[in-house]
S.K.: 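The structure is given below, and queries will be raised subsequently.
Remember, it's 1-based here, ligands and their atoms both numbered in the order they're listed. The analysis underlying the following values was restricted to heavy atoms, covering all of them including side chains, and did not include hydrogens, waters or symmetry mates. Along the sequence shown, residues are numbered consecutively beginning with 1.
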Amino acid sequence: MRLQGKVALVTGAASGMGAATARLFGREGAKEVFVADLLETEGSVVVEEIRKAGGKATFLRLDVTKETDWKAAIDAVEATGPLDVLVNNAGISGSAEQDLYDTDAWNRLMAVNATGVFLGMKHGIALMKKGGRGGSVINLSSISGIVGQGYIHVGYNASKGAVRLITKAGAAQHGPDRIRVNSVHPGLMPPMRTSGRTADPAQRAKTLKGVPLGRAGEVDEVAYAILFLASDESSYVTGAELVVDGGWTAV
Ligand code: NAD
């Protein structure tokens with residue numbers, strides 16, 4: 001069991017890669033997996049799946065853009081003990097926007113994808129420091145935090161680029177507390193709930209031509225990368241960016 005005894009909180013855990021990560025953490029012996037999301041019904045299903053498989057999980061309603069929600073979520077986690085693993089995964093897509101310079105969309109993307117991660121680090125790391133036994137923070141960026149795309153709102157690239165650098169700042173600042181901070185950069189995955197053009201079969205077929213492995217990734221393939229960073233197997237890895245994109249950005 002790779003997460004034996006560890007308490008983990010995963011945001012955006014009602015769906016997609018967050019749900020896959022929460023399920024995997026449950027299977028790997030986490031002491032408690034906090035499944036945090038806006039979506040209560042879907043999140044409760046994930047909790048039940050973890051429990052049925054023999055794991056321990058609790059749903060937390062958390063809007064990552066709201067500092068009051070973060071305070072309440074961290075209080076709930078603290079009641080079970082120190083926090084060992086925080087996965088800042090919640091996010092929204094920029095690929096449904098028609099106007100790639102729409103100001104409201106910019107503000108929404110930055111609020112969820114960048115400020116949401118900032119608030120998670122602010123409150124999650126404070127609890128890790130209080131616990132005094134180190135910790136691991138994993139922030140979900142994207143290949144869109146490394147290279148640009150012509151068909152996605154610029155706020156998606158900007159927010160994911162911010163996540164990449166917040167991660168490195170966190171690694172620099174919290175190393176002395178034995179808190180590691182790393183980012184994960186998925187490529188072409190199953191579409192997000194909020195996807196537009198990236199869900200379009202014609203766009204996906206076009207993208208696939210540039211992916212050396214010749215297929216889209218699966219949610220568990222990202223969850224296993226996150227698991228490595230969450231576990232003690234990655235004890236000397238901090239400030240790193242783990243790209244999980246089938247080689248898309250290698251060519
Ligand atoms: P998804 O849409 O399936 O899941 C995202 C989850 O985040 C949902 O459960 C949603 O309810 C939750 N969420 C959205 N706004 C929230 C908020 N304000 N507060 C709390 N929860 C909120 O998406 P996914 O494909 O699983 O993506 C997970 C992460 O990976 C995101 O950060 C995304 O940007 C990133 N990513 C996705 C892809 C992809 O192609 N799917 C590729 C690269 C990176």
S.K.: In plain terms, say whether Arg51 and Glu48 are close enough for a salt bridge, that is, a side-chain N and a carboxylate O under 4.0 Å apart.
M.R.: yes
S.K.: As an exercise, state the distance from CG of Leu119 to NZ of Lys66, rounded to the nearest 0.5 Å.
M.R.: 12.0 Å
S.K.: Show which atoms of ligand 1 fall inside a sub-4.0 Å distance from at least one heavy-atom site of Gly16.
M.R.: 3 (O), 26 (O)
S.K.: Counting only heavy atoms, which portion of Val112 has something under 4.0 Å from ligand 1: side chain, backbone, both, or neither?
M.R.: side chain
S.K.: Tell me the protein heavy atom at minimum distance from atom 9 (O) of ligand 1, and give that distance in Å.
M.R.: Asp37 OD2, 2.6 Å
S.K.: Among all protein heavy atoms, pick out the one at the shortest distance from atom 16 (C) of ligand 1; state its residue, atom name and that distance to 0.1 Å.
M.R.: Leu38 CD1, 3.6 Å
S.K.: Nearest protein heavy atom to atom 2 (O) of ligand 1, by residue and atom, and its distance?
M.R.: Arg193 N, 2.8 Å
S.K.: For salt bridge (Lys or Arg N to Asp or Glu O under 4.0 Å), just list the numbers for Arg133 and Asp84, CA-CA rounded to whole Å, side-chain angles, deciding distance to a tenth of an Å, and then say yes or no.
M.R.: CA-CA 8 Å; Arg133 60 184 200 195; Asp84 300 293; 2.8 Å; yes
S.K.: Have a look at ligand 1 and work out which part of Leu39, if any, has a heavy atom under 4.0 Å from it: side chain, backbone, both or neither.
M.R.: side chain
S.K.: Look at atom 13 (N) of ligand 1 and say which protein heavy atom is nearest, naming residue and atom and giving the distance to 0.1 Å.
M.R.: Ala90 CB, 4.0 Å
S.K.: Less than 3.5 Å between some nitrogen or oxygen of Val64 and one of ligand 1, yes or no?
M.R.: yes
S.K.: Measure from atom 18 (N) of ligand 1 to every heavy atom in Val222, Asp63, Thr194 and give the option owning the shortest one.
M.R.: Asp63
S.K.: Geometry only, no angles: is Ser142 polar-contacting ligand 1 at N/O separations under 3.5 Å?
M.R.: no
S.K.: Hydrogens and angles aside, do Ser141 and Arg164 bring a side-chain donor and acceptor to less than 3.5 Å of each other?
M.R.: no
S.K.: Using a 4.0 Å heavy-atom cut-off, say whether Leu62 meets ligand 1 through its side chain, its backbone, both or neither.
M.R.: backbone
S.K.: Which heavy atom of the protein is the closest neighbour of atom 23 (O) of ligand 1, given with residue, atom name and distance?
M.R.: Met192 CG, 3.5 Å
S.K.: Could you walk me through whether Lys6 and Lys31 pass side chain to side chain contact (heavy atoms under 4.5 Å, CB included), step by step?
M.R.: CA-CA 5 Å; Lys6 292 195 193 289; Lys31 185 176 163 200; 5.9 Å; no
S.K.: Nearest non-hydrogen atom to atom 41 (N) of ligand 1 belongs to which of Gly120, Pro190, Pro191?
M.R.: Pro190
S.K.: Drop me the distance from Trp248's CH2 to Thr207's OG1, to the nearest 0.5 angstrom.
M.R.: 5.0 Å
S.K.: When you check the gap from the basic side-chain N to the acidic O, do Glu32 and Lys56 get nearer than 4.0 Å?
M.R.: no
S.K.: Could you tell me whether ligand 1 has any atom less than 4.0 Å away from a heavy atom of Gly43?
M.R.: no
S.K.: Considering only protein heavy atoms, which is closest to atom 5 (C) of ligand 1, and at what distance to one decimal place?
M.R.: Gly91 O, 3.8 Å
S.K.: Side-chain donor-acceptor pair under 3.5 Å between Ser144 and Gln149, yes or no?
M.R.: yes
S.K.: Using a strict 4.0 Å cut-off to heavy atoms of Lys160, name the atoms of ligand 1 that fall inside it.
M.R.: 31 (C), 32 (O), 33 (C), 34 (O)
S.K.: Could you see which bit of Ser141 sits under 4.0 Å from ligand 1, with heavy atoms only: side chain, backbone, both or neither?
M.R.: backbone
S.K.: Would Thr167 and Asn139 count as having a side-chain donor-acceptor pair, cut-off 3.5 Å?
M.R.: yes
S.K.: Quiz question: by atom type and distance under 3.5 Å, do the side chains of Ser234 and Arg180 form a donor-acceptor pair?
M.R.: yes
S.K.: Answer yes when Arg215 and Glu221 have at least one side-chain N-carboxylate O distance shorter than 4.0 Å, and no when they do not.
M.R.: yes
S.K.: What's the shortest distance from atom 31 (C) of ligand 1 to any protein heavy atom, and which residue and atom give it?
M.R.: Asn89 O, 3.2 Å
S.K.: Of the protein's non-hydrogen atoms, which lies at the shortest distance from atom 30 (O) of ligand 1, and what is that distance?
M.R.: Met17 CE, 3.4 Å
S.K.: With a 3.5 Å cut-off and no angle check, do the side chains of Thr194 and Ser93 form a donor-acceptor pair?
M.R.: no
